[in-house]
Amino acid sequence: QVTLVESGGGSVQPGESLRLSCVSSPSTWATYCMAWFRQAPGKPREGVARIDLHGSTTLPDSLKGRFTVSKDNAKNILYLQMDNLTPDDTAMYYCASDAREYVCRDSFETGNGFRFWGQGTQVTVSS
């Protein structure tokens, strides 16, 4: 059974921080790629951060400096540290994983093709 469970979302004010967590079942932990995506109401899903089996990370230029992705291999947890949040960061955040290198490489922009998904955790940034 493959499961991804996100947590850590909530309501914060602009400028504050949140750390999202994604606990992965053991069978997905050796997968090639894990990633965070987000989707705001009325907008398409977008890639936020990814980390591959080798520990290499990728984030869109617009989020570099504010968002950091990491994983704790011992605890099977993927993290997304989000700092200096703005209202534009308001969205449902999803954790996803896939064992295929080409999916990790080619599908990060939208997430289409990622096989396994969590249920999402809501992040709301407002004053």
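One hydrophobic cluster, built from ILVMFWY side chains closer than 4.5 Å, cannot hold both L4 and V103; they sit in different ones. The hydrophobic cluster containing L59 does not contain F108, counting ILVMFWY residues as joined when their side-chain heavy atoms lie under 4.5 angstrom apart, directly or transitively. Cluster annotation: Y79 is not connected to M92 through the hydrophobic network of ILVMFWY side chains, with a link wherever side-chain heavy atoms come within less than 4.5 Å.
To the nearest 0.5 Å, atom SG of residue C33 and atom CG of residue L53 are 10.0 Å apart. Taken to the nearest 0.5 Å, the OG atom of S126 stands 7.5 Å off from the CD atom of Q13. The OG atom of S21 sits 12.5 Å away from atom CG of N76, with the distance rounded to the nearest 0.5 Å.
Using a 4.0 Å cut-off between charged side-chain N and carboxylate O, D52 and R105 make no salt bridge.
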Apply side chain to side chain contact (heavy atoms under 4.5 Å, CB included) to residues D89 and M82 and explain how you reach the verdict.
CA-CA 9 Å; D89 296 315; M82 305 184 294; 5.9 Å; no
Does the pair R38 and L63 meet the rule for a side chain to side chain contact (heavy atoms under 4.5 Å, CB included), with working shown?
CA-CA 12 Å; R38 68 184 182 185; L63 298 179; 3.9 Å; yes
For Q122 and T90, what are the C-alpha separation, side-chain angles and deciding distance, and is it a side chain to side chain contact (heavy atoms under 4.5 Å, CB included)?
CA-CA 8 Å; Q122 177 68 37; T90 295; 4.1 Å; yes
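In this structure the side chain of C104 reaches within 4.5 angstrom of the side chain of R50, judged on heavy atoms. The shortest side-chain heavy-atom distance between V23 and K75 does not fall under the 4.5 Å cut-off. Between T86 and P14 there is no side-chain heavy-atom pair separated by less than 4.5 Å. Contact of the M34 side chain with the S97 side chain is registered, since non-hydrogen atoms from C-beta on lie closer than 4.5 Å.
Shortest non-hydrogen contact noted between I51 and K71 is CD1-CG, 4.0 Å.
The side chain to side chain donor-acceptor pair (under 3.5 Å) check on Q39 picks up nothing, with sequence neighbours excluded.
With 3.5 Å as the limit, one finds a donor-acceptor pair spanning the side chains of S17 and D83.
Partner of F114 under the ring pair (Phe, Tyr, Trp, His ring centres under 6.0 Å) criterion, chosen from Y102, W36, F37, Y94: F37.
Within a 6.0 Å sphere centred on CD of E16, other residues, nucleotides and ligands contribute more than 12 heavy atoms.
Classified by interplanar angle (parallel below 30°, tilted 30° to 60°, perpendicular above 60°), the ring pair Y93/F67 is tilted.
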